[in-house]
Amino acid sequence: MQIFNTLGRALENFEPRDPGKVGMYVCGATVQSKPHLGHGRYAVVFDVVRRYLAYIGYDVTYVRNVTDVDDKIIDAANAAGVSTQQIVDEAHEAFLLAYEKLGVLPADIEPRATEHIAQMITMIEQLIAGGHAYEAGGDVYFSVRGFPDYGKLSGRDVDELQSGARIAVGDLKRDPLDFALWKGAKPGEPSWPSPWGEGRPGWHIECSAMAHEYLGTSFDIHGGGNDLIFPHHENEIAQAEAALGIEPFARYWMHNGMMTLTGEKMSKSTGHIIDLLDAVEKYPGLAVRLFYLRTHYRKPLDFSEDALADASASLDRLWSFRRRRPGPVEDVPAEDVMTSFRKVMENDVDVAGAMGVLFDAVREGNRRLDAGESADAWIAAYDEIVDVLGLAEPARGLEDIADSLGELAARFEVGGVTAAALVDALVERRNQARAAKDWAIGDTIRDELGALGVVVEDGADGSAWHRR
RNA sequence: GGCGACGUGGCCGAGUGGUUAGGCAAGGGUCUGCAAAACCCUGUACCCGGGUUCGAUUCCCGGCGUCGCCUCCA
């Protein structure tokens with residue numbers, strides 16, 4: 001397949017380092033506060049990349065890190081008067097909940113920075129030994145000008161960066177461009193022992209060290225938001241390639257575009273955000289997921305309430321198609337549908353294009369069902385595509401409304417062993433009433449069920465119900 | 001200022017050198033006790049100005065506009 005590689009800014013044929021296997025490292029979040037819609041986008045985008053690679057037969061190792069030590073976390077802990085651990089745990093829990101609601105599969109490995117201090121120290125030692133880094137007053141800095149390839153990812157020129165670079169008061173850098181690998185501990189900060197005294201790692205070194213730890217040298221795909229290209233990923237490359245003496249650190253760099261709100265980037269530092277957990281509370285998590293997936297992953301995506309409602313309506317269309325024939329189908333997926341699907345996906349993961357293929361299949365499937373023909377091949381195609389996109393309707397039980405269903409059934413003098421049987425009995429009772437043209441009873445039962453979240457729909461071949 | 005991206009029908013949004021993307025919304029029809037769903041039909045888009053070409057929304061140049069990175073950020 002073809003992937004747009006930020007390193008080189010071109011579409012490239014994807015060839016993994018080891019045949020049949022893909023190692024993927026995606027920059028996760030700094031767990032400092034609750035996630036916003038932008039975090040959901042990166043998570044969903046790379047979740048689909050991962051699923052598609054697995055779908056076409058690769059054995060994928062998916063690593064998504066958790067940054068659990070940095071200035072902002074320390075600030076947040078101090079401001080709230082709690083431990084950094086508490087800030088990290090609460091935020092991380094919120095992220096995991098959001099990922100789950102969005103249908104994001106758990107990472108194979110979810111390494112935390114604080115659990116890989118030793119690997120970072122090793123890498124920093126390698127850098128110092130190689131003359132790429134220097135210790136200064138308990139800090140360690142990477143020497144940017146000593147790494148000729150610096151700027152190759154972001155397209156930056158070291159001499160032009162010079163003017164914009166700044167030195168904080170008390171900084172011990174030899175060159176304004178240099179960045180911290182290790183920061184000497186200040187009072188009240190979490191710290192770890194090191195050859196340079198107590199301290200903590202700089203931001204960038206964790207990804208270099210952890211990606212190398214789990215995926216080895218020159219692994220396949222490194223992903224993240226495009227706001228990480230500079231300086232984070234540029235620095236990751238510099239550190240890893242200088243320390244390990246390998247090139248490239250990662251072979252393909254993929255970056256998703258930013259979420260915007262009223263045309264401006266969402267950013268937690270400005271507070272210009274929509275809370276992700278709020279969004280997945282108001283709309284089904286998978287509607288938010290579909291909202292992300294309608295737009296090509298590299299483009300900016302503007303949030304609006306209307307867009308989310310639009311996505312939600314689209315999702316209903318998909319799901320109501322599948323509900324027409326519940327359960328597994330035997331047929332193989334319609335070949336031309338799957339061919340089209342793969343064709344668009346091979347084009348730099350054109351999920352928006354895949355959406356078109358999917359909806360085409362849905363229309364054809366619906367048409368066939370209306371005509372009384374078999375739509376199994378299209379349902380099978382639907383299942384396969386929806387599985388790759390992560391948009392399958394989750395099974396929803398009736399446990400939470402079992403008591404109310406019991407009361408309702410009692411009112412209409414029907415019974416059943418399970419909650420589902422109660423619904424069946426109520427629908428049957430309703431149809432008896434309808435057969436007798438007693439529309440009032442029929443409509444009451446439908447309305448009452450609807451109030452509980454059970455939607456009843458009458459079709460040519462009987463009435464069907466589903467949980468909303 | 002440097003680097004980069006984008007500008008498609010009412011809205012969202014793929015894609016392509018010449019043949020229907022798709023979704024949502026809208027109008028008309030079929031089905032239907034009502035509702036819902038579904039199907040069929042309708043709207044014929046590609047920022048502006050040049051250029052290349054038999055032909056450009058698609059390639060090139062210029063302009064206008066919007067956005068991102070250059071500082072923490074998915």
Side-chain angles (χ1 to χ4, degrees), chain A residues 6 9 26-30 32 35-46 64 67 70-72 75 95 151 154-157 159-161 163-166 168 203 223-232 234 255-260 263-270 273 276 290-291 293-296 298-302 304 306-321 323-324 340 344 347 350-360 362-371 434 437-440 442-443 446-447 450 455-460 463-464:
Chain A
T6 306
R9 284 210 184 77
V26 175
C27 277
T30 301
Q32 119 206 2
H36 63 249
L37 271 177
H39 297 113
R41 164 121 99 149
Y42 100 82
V44 166
V45 160
F46 290 106
R64 183 184 61 216
T67 299
D70 92 328
D71 293 352
K72 295 271 178 69
D75 292 347
F95 271 88
S154 57
R156 263 158 241 229
D157 183 273
D159 291 320
E160 285 174 3
L161 282 170
S163 59
R166 47 176 207 184
W203 175 34
N226 70 12
D227 54 348
L228 297 181
I229 295 173
F230 189 90
H232 184 53
E234 193 67 60
H255 292 97
N256 63 279
M258 294 294 102
M259 283 289 310
T260 60
E264 272 177 50
K265 180 188 166 187
M266 277 193 201
S267 170
K268 64 187 168 195
S269 60
T270 58
I273 55 175
L276 181 54
L290 191 151
F291 162 71
L293 294 180
R294 294 192 309 177
T295 303
H296 186 86
R298 283 194 279 118
K299 285 197 168 181
L301 207 204
D302 196 50
S304 74
D306 283 353
L308 225 45
D310 186 316
S312 198
S314 298
L315 189 64
D316 281 343
R317 176 168 169 76
L318 296 178
W319 288 356
S320 40
F321 165 63
R323 286 195 291 250
R324 296 183 72 175
S340 302
V344 295
N347 179 23
D350 179 11
V351 176
M355 228 42 109
V357 174
L358 177 60
F359 279 100
D360 282 341
V362 165
R363 189 187 316 101
E364 177 60 13
N366 271 322
R367 195 195 62 71
R368 285 173 171 265
L369 290 175
D370 280 2
R434 291 175 66 221
K437 296 202 189 295
D438 188 345
W439 311 124
D443 290 350
R446 185 173 62 195
D447 291 347
V455 180
V456 180
E457 291 175 348
D458 305 321
S463 301

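Just the heavy atoms: all of them, side chains too, but no hydrogens, waters or symmetry mates, feed the values below. Reminder, nothing fancy here: chain letters follow the sequence lines and each chain counts from 1. Since the model is a prediction, treat every value here as computed from it, not as a measurement.
- Across all strands shown, B/C67 forms a Watson-Crick or G-U wobble pair with B/G4, both key distances being under 3.5 Å.
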Which atoms of nucleotides 9-12 of chain B (N or O only) lie under 3.5 Å from a protein N or O atom, and what are those distances?
| unit_1 | atom_1 | unit_2 | atom_2 | d |
| --- | --- | --- | --- | --- |
| B/C12 | O2' | A/R294 | NH2 | 3.0 |

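- Atom name C1', nucleotides B/U16 and B/U58: the rounded distance is 6 Å, in whole Å.
- Computed from coordinates, the A/N226 CG to B/A74 P distance equals 12 Å when rounded to whole Å.
- Atoms NE2 and OG, on A/H232 and A/S154 in that order, are 13.0 Å from each other to the nearest 0.5 Å.
- In this entry B/U19 has no Watson-Crick or G-U wobble partner, no candidate having both defining distances under 3.5 Å.
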Nucleotide N/O to protein N/O under 3.5 Å, stretch nucleotides 1-6 of chain B:
| unit_1 | atom_1 | unit_2 | atom_2 | d |
| --- | --- | --- | --- | --- |
| B/G2 | O2' | A/E160 | OE1 | 2.8 |

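- Distance noted for atom C1' between B/G49 and B/G15: 25 Å (whole Å).
- Nucleotide B/U53 has no partner under the Watson-Crick or G-U criteria, as no pair reaches both atom distances under 3.5 Å.
- Interatomic distance, A/L308 CG to A/L37 CG, rounded to the nearest 0.5 Å: 7.0 Å.
- Residue A/K268 is classed as a sugar-phosphate contact, given heavy-atom separations below 4.0 Å to backbone atoms only.
- With respect to the salt-bridge test (charged N to carboxylate O, under 4.0 angstrom), the residues A/D370 and A/R367 do not qualify.
- Within the 4.0 angstrom heavy-atom criterion, base atoms lie near A/G257.
- Taking all atoms of both residues into account, the shortest heavy-atom contact from A/D458 to A/S463 is OD1-OG, 2.7 Å.
- At the heavy-atom level, A/H232 lies nowhere under 4.0 Å from the strands shown.
- Going from atom CG of A/N256 over to atom CZ of A/R298 covers 11.5 Å, rounded to the nearest 0.5 Å.
- Considering only the side chain of A/S269, B/C72 comes nearest among B/C69, B/C72, B/C24.
- Annotation: B/A25 and B/U20 have their P atoms spaced 25 Å apart (nearest Å).
- In this structure, A/E457 contributes its side chain and A/A464 its backbone to no donor-acceptor pair below 3.5 Å.
- When the nucleotides B/A14, B/A35, B/A74 are ranked by their closest atom to the side chain of A/R446, B/A35 comes out on top.
- In terms of polar N and O atoms assigned as donor or acceptor, the side chain of A/D350 never comes within less than 3.5 Å of the base of B/G15 in a complementary pairing.
- Scanning for side-chain hydrogen bond (donor to acceptor under 3.5 Å, both in side chains) contacts around A/D306 gives an empty result, with sequence neighbours left out.
- Nucleotides B/C24 and B/U30 are separated by 22 Å at their C1' atoms, to the nearest Å.
- Remark: the separation of the P atoms in B/G62 and B/C67 is 22 Å, to the nearest Å.
- Atom-to-atom distance recorded for A/M259:CE and A/D302:CG is 7.0 Å, nearest 0.5 angstrom.
- Distance, A/H296 NE2 to B/G13 P: 13 Å, rounded to whole Å.
- Comparing B/A74, B/A37, B/A14 by their nearest atom to the side chain of A/E457 picks out B/A37.
- As judged by a 4.0 angstrom heavy-atom cut-off over every strand, A/L228 is placed among residues touching the sugar-phosphate backbone only.
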Test log, rule salt bridge (Lys or Arg N to Asp or Glu O under 4.0 Å), inputs A/K72 and A/D75: CA-CA 5 Å; A/K72 295 271 178 69; A/D75 292 347; over 6 Å; no
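- The nearest whole Å value for the distance from the CG atom in A/L161 to the C1' atom in B/U71 is 12 Å.
- The NZ atom of A/K437 sits 12 Å away from the C1' atom of B/U32 (whole-angstrom rounding).
- Here A/G38 lies in heavy-atom contact (under 4.0 Å) with a base.
- A residue-by-residue look at A/V456 and A/T30 shows that A/V456 has its nearest nucleotide of RNA chain B further toward the 5' end.
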If you restrict it to nitrogen or oxygen atoms, what contacts under 3.5 Å exist between nucleotides 39-43 of chain B and the protein, and what is each distance?
| unit_1 | atom_1 | unit_2 | atom_2 | d |
| --- | --- | --- | --- | --- |
| B/C39 | OP1 | A/R317 | NH2 | 3.2 |
| B/C39 | OP2 | A/R317 | NH1 | 3.2 |
| B/C39 | O4' | A/D370 | OD2 | 2.9 |

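- Between A/L318 atom CG and B/A38 atom P there is a gap of 10 Å when expressed in whole angstrom units.
- Atom C1' of nucleotide B/C67 and atom CE of A/M258 are separated by 12 Å, given to the nearest angstrom.
- Annotation: the span from A/L318 atom CG to A/R323 atom CZ amounts to 10.5 Å, rounded to 0.5 Å.
- With a 6.0 Å cutoff to the six-membered ring centre and a 45° limit on the axis angle, A/R156 counts as a cation-pi contact of A/F230.
- A/N226 CG to A/M258 CE: the interatomic distance, rounded to the nearest 0.5 Å, is 4.0 Å.
- Atom CG in A/L308 sits roughly 15 Å away from atom C1' in B/G13 (whole-Å rounding).
- Rounded to an integer number of Å, the gap from NE2 of A/H39 to C1' of B/A74 is 5 Å.
- Across B/G18 and B/G27, the matching C1' atoms stand 32 Å from one another, rounded to whole Å.
- The gap from the P atom of B/C61 to that of B/U52 amounts to 15 Å, rounded to the nearest Å.
- Under the salt bridge (Lys or Arg N to Asp or Glu O under 4.0 Å) criterion, A/D70 pairs with no residue at all, not counting sequence neighbours.
- Comparing A/V344 and A/R41 against RNA chain B, the residue whose closest nucleotide sits nearer the 5' end is A/V344.
- Applying the Watson-Crick and G-U wobble criteria (two distances, each under 3.5 Å), B/U42 pairs with B/A26.
- Separating the C1' atom of B/G9 from that of B/G22 is a span of 13 Å, rounded to the nearest Å.
- The listed nucleotides are B/A37, B/C34, B/A74; the one nearest the side chain of A/S320 is B/A37.
- Across all their heavy atoms, A/R434 and A/G442 have their closest contact at CG-CA, 4.5 Å.
- Qualifying side-chain hydrogen bond (donor to acceptor under 3.5 Å, both in side chains) partners for A/S267, counting only residues two or more places apart in sequence or in other chains: A/S269.
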